[in-house]
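Worksheet: the structure to be examined is printed underneath.
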Amino acid sequence: EAIKVFQYLGILETVVPKGTFICRSSNMISEFFTWSALLEKKYMDEVLELREVFEQRGVYNLMRKTADHPKTACIDRLEAQIRRMERAADDGCYEEILYADYDFHWILIQETNNSLFISMYDHLRDFTVEEMKRTHLSYSDFHQLAAVHRRIVESMKSEDTGKAIEAHGSHFPLIKDNLDEVGSNISASDMDEKL
């Protein structure tokens, strides 16, 4: 029974006919965070802080790019997600807003070039999407959400790394404040009312 539980959690895998083996460490770590976050509400703030650290590393790496490896391609991808949010807000399509927000932050995580960070963020996808849904309830107009992300990107267009990291970092206290205002149960009708 214990082996079955560990297989379910991604700690062990069975390869027929070879036997049962320990999974890659990156999978185990990310599975731990996912289950901890889902099972205990107190981990929500800690997972959010983890996300902030990962993303800030991505911002730092982005700002250190040189003429040989320009940052414009990444900035173009980030701006595409902002335009996606704006179009979805115009069209009243909440699901598109949600995934544009998720993808914006996913792009920053990819800039870390750290396979463990990327794996953990990927495994926390469901948790992160739920956290974003809760945060979004505090917006009276989803164009405001796009504007918040646009300010982050505008700061990245400068050559000032500190300014970019500060602009990105200012996003997370807002998220925490919004989460404190919202209950834990989010329904589809809650989001429909926002639109």
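We find that Lys157 and Glu154 are joined by a salt bridge, their nearest charged nitrogen and carboxylate oxygen being less than 4.0 Å apart.
Between Val53 and Arg57, every side-chain heavy-atom pair lies at or beyond the 4.5 Å cut-off. Residues Met85 and His149 are in side-chain contact: their nearest non-hydrogen atoms beyond the backbone lie under 4.5 Å apart.
Formation of a donor-acceptor pair under 3.5 Å by the Gln56 side chain with backbone atoms of Ile165 is found in this model. Judged by distance alone, with hydrogens and angles left aside, the side-chain atoms of Thr135 form a donor-acceptor pair with the main-chain N or O of Glu131 at under 3.5 Å. Proximity of a side-chain donor or acceptor of Lys65 to a complementary backbone N or O of Cys74 within less than 3.5 Å is not detected.
Note that OH of Tyr121 and CG of Asn114 are 14.5 Å apart. Values are rounded to the nearest 0.5 Å. Of the inter-residue distances, the one linking Ser170 atom OG with Ile175 atom CD1 reads 10.0 Å to the nearest 0.5 angstrom. The CD1 atom of Ile82 sits 8.0 Å away from atom CD1 of Ile152, with the distance rounded to the nearest 0.5 Å. To the nearest 0.5 angstrom, Asn61 atom CG is 7.0 Å from Thr112 atom OG1. Taking CG from Leu78 and CZ from Arg150, the interatomic distance works out to 11.0 Å, rounded to the nearest 0.5 Å. Note: Tyr102 OH to Arg125 CZ = 5.0 Å, rounded to the nearest 0.5 Å.
Classified by interplanar angle (parallel below 30°, tilted 30° to 60°, perpendicular above 60°), the ring pair His105/His171 is parallel. Ring geometry for Tyr139 against His136 counts as perpendicular: the plane angle is over 60°, on a 0 to 90° scale with 30° as the lower cut.
In this structure, Phe21 shares a hydrophobic cluster with Val15, the cluster being traced through Ile, Leu, Val, Met, Phe, Trp and Tyr side chains under 4.5 angstrom apart.
Phe172 meets the ring-ring contact (aromatic ring centres under 6.0 Å, His included) test with His168; sequence neighbours excluded. Scored by the side chain to side chain donor-acceptor pair (under 3.5 Å) test, Glu52 finds no partners at all (sequence neighbours excluded). Applying the ring-ring contact (aromatic ring centres under 6.0 Å, His included) test to His143 and every residue at least two apart in sequence or in another chain returns nothing. The ring-ring contact (aromatic ring centres under 6.0 Å, His included) test applied to Phe117 returns Phe54, not counting sequence neighbours. For Lys163, the side-chain contact (heavy atoms from CB on, under 4.5 Å) partners two or more places apart in sequence, or in a different chain, are Ser155, Ser158, Asp160.
No more than 12 heavy atoms of other residues, nucleotides or ligands sit less than 6.0 Å from atom OH of Tyr60. By the neighbour-count criterion of 12 heavy atoms within 6.0 Å, atom CD of Glu49 is densely surrounded, having more than that number from other residues, nucleotides or ligands.
Counting all heavy atoms, side chain and backbone alike, Arg84 lies closest to Tyr99 at NH2-CB, 3.5 Å. The shortest heavy-atom contact between Gly58 and Glu111 is O-CB, 3.6 Å. Closest of all the heavy-atom pairs between Ile109 and Arg51 is CD1-O, 4.5 Å. Nearest approach of Met156 to Ile75, heavy atoms of both residues: O-CD1, 3.9 Å. The two residues Glu96 and Ala88 make their nearest non-hydrogen contact at CB-CB, 3.6 Å. The shortest heavy-atom contact between Gln81 and Ile107 is CG-CD1, 3.9 Å.
Both Val129 and Leu145 sit in one connected hydrophobic cluster of ILVMFWY residues. Membership requires side-chain heavy atoms under 4.5 Å apart, directly or through other members. Cluster annotation: Leu108 is connected to Leu116 through the hydrophobic network of ILVMFWY side chains, with a link wherever side-chain heavy atoms come within less than 4.5 Å.
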